[in-house]
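So you know, we letter chains A, B, ... as the sequences are listed, proteins then strands, and number each from 1.
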Amino acid sequence: MSVRVRFAPSPTGFLHVGGVRTALYVWLFARHHGGTTVLRIEDTDTEREEAGAIEQIQRSLDWLGLDFDESPRVGGPHGPYLQSERSEHYQAAVDRLLAQGDAYRCYQTAEELEVARAEARQTDDPALPTRLHRDLTAEQIASFEAEGRPAVIRFRTPLEGETVIDDLVRGQVVFEHRLLGDTVLMRGGGRPTYQLANPLDDLAMGITHVIRGEDLLSSTPRQKLLVEALGGTFPQTAHLSMILGADKKRLSKRHGAASVEEFREAGYLPEALVNFLALCGWSWDGETELMSVAELIERFSLERVNPAPAVFDHEKLAWMNGQHLRALDAGAYTAALRRYLEDAGSPLADAARLDELVPVVQEKLGAFGEFDALVGSLLESREPDAESWQKLLNDEHAARILDAAIASLSALPAWTVENVESGLRAVCEELELKPRQAFLPIRIAIAGSTVAAGLYESIAFLGLEASLARLQHARAALADV
RNA sequence: GGCGCAUUCGUCUAGGGGCCUAGGACGCCGCCCUCUCACGGCGGUAGCACGGGUUCGAAUCCCGUAUGCGCUACCA
C-alpha cells in the first residue's frame, strides 16, 4: 500500500515553527517513501478562523519548498480539501452513526454542562458529564424537543474496555474507554467538530499515516473508535513532540520569531530552516548536521524521531543559516540574495553589480538581513554612522592618514584588490602605524562605519573615483574641526 | 484533580546491558588567524532528574517519586 499522508492545519493564524516541523516531517516521510502529500485545511471552527491565514500558510509552505500533491490551491487538480466545503460528507456519517446507535443527541445547555463538570471534577468518573443524555427516554427527548432546545451529537463511547494505540514514535499507549467520555461530533449549529471531521477525512482520503503533534495523542483513541464504528481502519499514527520556547513553554508568538515569515524577512535560507527543523526531533547518525533537502529525504525515518520535546534554539539556527549561506556557489548566492532584497522591497535589489559584492559579504553574513548594514553604503551613498564618524573626527592621525591614502591610491597603476592592498600597506609603513590604527579612519571614510566589509575589497568595488571622493569628503570634514 | 507523554552537557542530540573514564553540534570561555566585524583553526567548560530493584555488569530493562508538557471544549 502506498503512503498517503496529510498536513492538516487550521487557519487560525500564521504557520509557526512547530506547525512547519510537522509539515516537514509529513513531507519528508512521503517523499522518502514515494508517497502522496495532501494539504487539508481544517476550518470547522469559523469563530477562530483568521482572514488570509490559508494564503499565508500556503505561502510559507511554498517558500520552504514543501510542495503538496493535493491541495486546495486555486486551480489545482484536486480538492476542495477545505472541510467547510464537505458538510454533506460529515452529515452522512453522523446520520449513519445515529442510525446505528453509535451516536445520540445531547440537549444539555452550556450552563448545565458547566455545573456537572465542576461536580465531576473530584469524582472518579470525570467523564460523566459528557454522557448525561446518553440514555434519554422517549419522553425526555420529546420534552427537550418541545422546548426547542438545540442538540449536539455525541459519540457513544464504550463504557468498558480500552483502546491501544500503537504509535510509530511512542510505542503502545493504552487508553481506558471509561475515561474518554462521549465526544461531541456535531455542534448545536450543525457544524462538525474536529473530532469528527478530522478522522473522517483521513478515512475518506485514504490517509495511511497520521503524523501530527503530541497534543493530539489523547484524541487518538476517540478517533480510532469513531472510524471503527464506521467500518473503517484507523491509520498508523506518529505523534511528534512539541517544540518549546526557551522558557520550556509551547512555542508561540510571545517567544519572538516563531513564524516562517519572520525568518524569511530576516534573510534566512529556506533550506537552512528546513535543515534545522528536521534536526529538531530527528537525527540521522547523531553527528551529521548539515544536510541538503535531498539528503534529508533519503535519510528520514519516523523510527529515528525523538519522542521528547525540543527547545527551539535560535542561535543554532542562525549558525546553521550561516553554514548554508557560505556553502552556496557565487551564482546561487547572488540569486538568493537578489530574491531576498526583492522580497524585502529593497532598492538594492536592482543593483547591477550585486554579484561583485558576493565575495565581499559571503564569509561575513549570517543572514541576508545583515547585508544592507554591511555593504549598503557601497551601493548607494548614505549618511555615515554618527558614532563612527565622531571617532574619525577625534582621531589625531586621521588627517595625515587620509592624505597619505589619497596619494597612494591615486598613484596605483591598476585598480585591483591586490594593488589597493599594497597601496594601503605602503601608507602604514610610511606613517609607521599599525594597520588597525591606520585603517580605522579610512574605513569610516569609505564605509561610513567602524564595522564594515573588507577594506581592500570595498575600495576596489567602489572604484578610484568614488573612493577618492569619500576620502576627500572625510578629509574636508576634518579640516573644519 | 484525572488521564497521557516526556526526562543524557545551558540548548539540539548520539547512545537501545559491557565498545561510555558518555560521542557530536550550538552557545560560552581561552588561544591562534586578522584591516573592523565576521569566517576559520586549536583547546577547554558542562550532562545520564532522584530512589529502589533486575543483572556478574545499567545512561540503556522494571517499579516508584519528582519535574515539565499535553489533554481533560459545541479549539484544533
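- Counting any heavy atom pair closer than 4.0 Å across all strands shown, A:V184 reaches sugar-phosphate atoms only and no base atom.
- Within the structure, a side-chain polar atom (N or O) of A:R304 is placed less than 4.0 Å from OP1 or OP2 of B:rG15.
- Counting any heavy atom pair closer than 4.0 Å across all strands shown, A:S219 reaches a base atom.
- B:rU60 sits 16 Å from B:rA49 when the C1' atoms are compared, rounded to a whole Å.
- Checking the phosphate oxygens (OP1, OP2) of B:rA73, a side-chain nitrogen or oxygen of A:R117 falls inside 4.0 Å.
- Using N1 to N3 plus N6-O4 or O6-N4 for Watson-Crick, or N1-O2 and O6-N3 for G-U wobble, each under 3.5 Å, B:rA25 pairs with B:rU11.
- In this structure, the CD atom of A:E111 is 16 Å from the P atom of B:rA73, given to the nearest Å.
- Remark: the backbone N or O of A:F175 is not paired with any side-chain donor or acceptor of A:T163 at under 3.5 angstrom.
- A distance of about 36 Å separates the C1' atoms of B:rU13 and B:rA73, rounded to the whole Å.
- Residue contacts shown for A:E162 are absent, as no nucleic acid heavy atom lies under 4.0 Å away.
- Base contact: A:A453 has a heavy atom under 4.0 Å from a base atom.
- Across all strands shown, A:E289 has heavy atoms under 4.0 Å from base atoms, whether or not it also approaches the sugar-phosphate.
- Backbone-only contact: A:R425 has heavy atoms under 4.0 Å from sugar-phosphate atoms and none from a base.
- Figure legend. B:rC42 is base-paired to B:rG30; pairs are counted as Watson-Crick or G-U wobble with both atom distances under 3.5 Å.
- Contacts of A:Y456 with the nucleic acid, taken as non-hydrogen atoms under 4.0 Å apart, include base atoms.
- Taking 90° from 0 as the syn/anti boundary, the base of B:rC28 is oriented anti.
- Counting non-hydrogen atoms of neighbouring residues, nucleotides and ligands closer than 6.0 angstrom, the CD atom of A:E383 reaches no more than 12 such neighbours.
- Counting heavy atoms from C-beta outward, A:V358 and A:Y333 have side chains that approach closer than 4.5 Å.
- Between the base of B:rU36 and the side chain of A:K364 there is a donor-acceptor pair shorter than 3.5 Å.
- Salt bridge present: A:R382 and A:D372 bring a charged side-chain N and a carboxylate O closer than 4.0 Å.
- Across all strands shown, A:Q195 has heavy atoms under 4.0 Å from base atoms, whether or not it also approaches the sugar-phosphate.
- One interatomic measurement links the two molecules: CD of A:Q323 to C1' of B:rG40, which rounds to 10 Å at whole-angstrom precision.
- Under the 4.5 Å side-chain criterion, counting only non-hydrogen atoms from C-beta, A:T157 is not in contact with A:T130.
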Is there any protein nitrogen or oxygen under 3.5 Å from a nitrogen or oxygen in nucleotides 2-7 of chain B, and what are the pairs?
unit_1: B:rC5; atom_1: O2'; unit_2: A:R170; atom_2: NH1; d: 2.3
unit_1: B:rC5; atom_1: O2'; unit_2: A:E214; atom_2: OE2; d: 2.9

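- Side-chain N/O atoms of A:T193 include none lying less than 4.0 angstrom from OP1 or OP2 on B:rC74.
- Taking atom C1' in both B:rC20 and B:rG24, the straight-line distance is 14 Å, to the nearest Å.
- Taking atom C1' in both B:rA58 and B:rA76, the straight-line distance is 41 Å, to the nearest Å.
- Remark: C1' of B:rC9 and CG of A:D313 are 13 Å apart, rounded to the nearest angstrom.
- Counting non-hydrogen atoms under 4.0 angstrom, A:G454 reaches a base of the nucleic acid.
- At whole-Å resolution of the value, CD1 in A:I153 and P in B:rA73 are 19 Å apart.
- Closest to the side chain of A:F439, from the set B:rC35, B:rG24, B:rG68, is B:rC35.
- Across all strands shown, A:S283 has heavy atoms under 4.0 Å from sugar-phosphate atoms exclusively, and none from any base.
- B:rC9 and B:rG51 have their P atoms separated by 16 Å, with the value rounded to a whole Å.
- Residue-level contact check: A:R436 touches the backbone only, with heavy atoms under 4.0 Å from sugar-phosphate atoms and none from bases.
- Residue-level contact check: A:L216 touches the bases, meaning some heavy atom is under 4.0 Å from a base atom.
- Between B:rC42 and B:rU55, the distance separating the two P atoms is 47 Å to the nearest Å.
- Here, B:rC29 and B:rU65 have their P atoms 42 Å apart, quoted to the whole Å.
- Here, B:rC3 and B:rA22 have their C1' atoms 35 Å apart, quoted to the whole Å.
- The partner of B:rC35, taking Watson-Crick or G-U wobble pairs whose two distances both stay under 3.5 Å, does not exist in any strand shown.
- Using a 4.0 Å heavy-atom cutoff across all strands shown, A:R222 reaches no nucleic acid atom at all.
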